[in-house]
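Quick note: numbers below take in every heavy atom, side chains included, and nothing from hydrogens, waters or symmetry partners.
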Amino acid sequence: MTNKNYYQSLDFISLSSLLELKGEETIKNLLNTFSCTINNDLEKFLHENSIDLEKRKISRTYLYFNQDLEITAYFTLSLKILNTNGISKTLIQKLDGVRKDRENIPCYLIGQLGKNSNCTYKIGQYLLDRAIQEIEKVNIILGGRFIILDSVNKKEVIDFYTNKQNNFKPIKEYNNEDNNVTMFYPLF
């Protein structure tokens, strides 16, 4: 099966819809089957935080299921206020669209983006594209100038987000000692 055929075979559903249909205990058990050995934080978020944040309307998690009803991948979206401390005045004005002295700027956040360790297909680009599409739908109604995400500071991950197709840019200078790198994607 090609990657494209695989993507088309997946079912896409929001965690909110699943909770409504099946109830919290059933969904909690289902979420606990997700495994990500490369990044434990992705697994931990889905197992321990996603339902609570969903119920409190802080974030929205979207899940992909394969034909065996296993969670193949997921992403989480939220709103965020970016503190501009340490960001250049030029970039602040670009992100804000008006002022270069803004201390806080509202934005969208891709909080989680992960795939199950059992998934052998390259699905990262597909996930990122879908997460951006979901934000762009909301952006038509509400406006907003950019998306941010915190990437793990690994060369291959940074290269993925900053490649020509994805066009994310680091907000600040970073070095090898930083655990995460905050990046932005312009919607303007």
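- Atom CG in Asn166 sits 13.0 Å away from atom NZ in Lys164 (nearest 0.5 Å).
- Counting only distance, with no hydrogens or angles, the side chain of Ser88 and the backbone of Leu91 share a donor-acceptor pair below 3.5 Å.
- Summarising the geometry, atom CG belonging to Leu10 is positioned 11.0 Å from atom CD belonging to Glu70; distances are rounded to the nearest 0.5 Å.
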* To do: With side chain to side chain contact (heavy atoms under 4.5 Å, CB included) as the test, would you mind laying out the steps for Leu82 and Ile171 before giving the verdict?
  => CA-CA 10 Å; Leu82 175 68; Ile171 285 194; 3.7 Å; yes
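- The environment of CD in Gln165 is crowded: more than 12 heavy-atom neighbours from other residues, nucleotides or ligands sit within 6.0 Å.
- Residues Tyr108 and Leu79 are in side-chain contact: their nearest non-hydrogen atoms beyond the backbone lie under 4.5 Å apart.
- Put simply, the side chain of Ile158 reaches to within 4.5 Å of the side chain of Asn153, judged on heavy atoms.
- Contact check for Leu30 versus Leu69: no side-chain heavy atoms found under the 4.5 Å cut-off.
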* **Working for side chain to side chain contact (heavy atoms under 4.5 Å, CB included), residues Ile135 and Leu187** => CA-CA 10 Å; Ile135 289 171; Leu187 293 168; 4.2 Å; yes
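- Within the 4.5 Å cutoff, no side-chain heavy atoms of Phe184 are placed close to those of Ile87.
- For the atom pair CG of Leu31 and OG of Ser50, the computed distance is 4.5 Å after rounding to the nearest 0.5 Å.
- Looking at heavy atoms from C-beta onward, Lys115 lies out of side-chain contact with Tyr64 at the 4.5 angstrom threshold.
- The shortest heavy-atom contact between Thr61 and Glu54 is N-OE1, 2.9 Å.
- Partner of Phe168 under the ring-ring contact (aromatic ring centres under 6.0 Å, His included) criterion, out of Phe160, Phe146, Tyr185: Tyr185 alone.
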* Asked: Can Asp129 and Tyr7 be said to form a side chain to side chain contact (heavy atoms under 4.5 Å, CB included), step by step?
  -> CA-CA 12 Å; Asp129 289 346; Tyr7 307 151; over 6 Å; no
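- To the nearest 0.5 Å, atom CG of residue Asn175 and atom CD of residue Glu173 are 9.5 Å apart.
- Using the six-membered ring where Trp is involved, Tyr121 and Tyr6 have ring planes that are parallel, under 30° apart on the 30 and 60° scheme.
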* **Pair Leu15-Tyr62, side chain to side chain contact (heavy atoms under 4.5 Å, CB included): steps then yes or no** => CA-CA 6 Å; Leu15 180 55; Tyr62 297 88; over 6 Å; no
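- Contact detail for Ser9 and Gln67: the closest heavy-atom pair is CB-NE2, 3.7 Å.
- Looking only at side-chain heavy atoms (C-beta outward), Ile110 and Leu128 come within less than 4.5 Å of each other.
- A donor-acceptor pair under 3.5 Å is formed between the side chain of Ser78 and the backbone N or O of Ile58.
- Between the side chain of Lys44 and the backbone N or O of Asn49 there is no donor-acceptor pair closer than 3.5 Å.
- Summarising the geometry of Phe34 relative to Asn116, their closest heavy-atom pair is CE1-N, 3.4 Å, with the distance given to 0.1 Å.
- Summarising the local packing, CD1 of Ile38 is surrounded by 12 or fewer heavy atoms from other residues, nucleotides or ligands at distances under 6.0 Å.
- Contact record, Thr162 with Pro170: CG2-CD, 4.3 Å, taken as the closest heavy-atom pair.
- Taking CG of Leu109 as the start and CD1 of Ile81 as the end, the distance is 11.0 Å to the nearest 0.5 Å.
- Atom CD of Glu103 has 12 or fewer neighbouring heavy atoms from other residues, nucleotides or ligands inside a 6.0 Å radius.
- Remark: the backbone N or O of Thr37 is paired with a side-chain donor or acceptor of Ser117 at under 3.5 angstrom.
- Without hydrogens or angle criteria, Asp96 side chain to Arg99 main chain gives a donor-acceptor distance under 3.5 Å.
- Between Glu134 and Arg60 no salt bridge is recorded (no basic side-chain N to carboxylate O distance below 4.0 Å).
- Of the inter-residue distances, the one linking Asn66 atom CG with Thr72 atom OG1 reads 4.0 Å to the nearest 0.5 angstrom.
- For the pair Val152 and Asn180, the tightest heavy-atom approach, listed with the atom from each and the gap, is CA-OD1, 3.7 Å.
- Environment of CG in Asn85: sparse, with no more than 12 heavy atoms of neighbouring residues, nucleotides or ligands closer than 6.0 Å.
- Because its NZ or CZ atom is not both nearer than 6.0 Å to the ring centre of Phe75 and within 45° of the ring axis, Arg130 does not count as a cation-pi partner of that residue.
- There is a path of hydrophobic side-chain contacts, each under 4.5 Å, that joins Leu46 to Ile13.
- Remark: side-chain polar atoms of Tyr74 are paired, donor with acceptor, to backbone N or O of Leu42 under 3.5 angstrom.
- In terms of heavy-atom proximity, Lys122 sits nearest to Asn3 at N-OD1, 3.6 Å.
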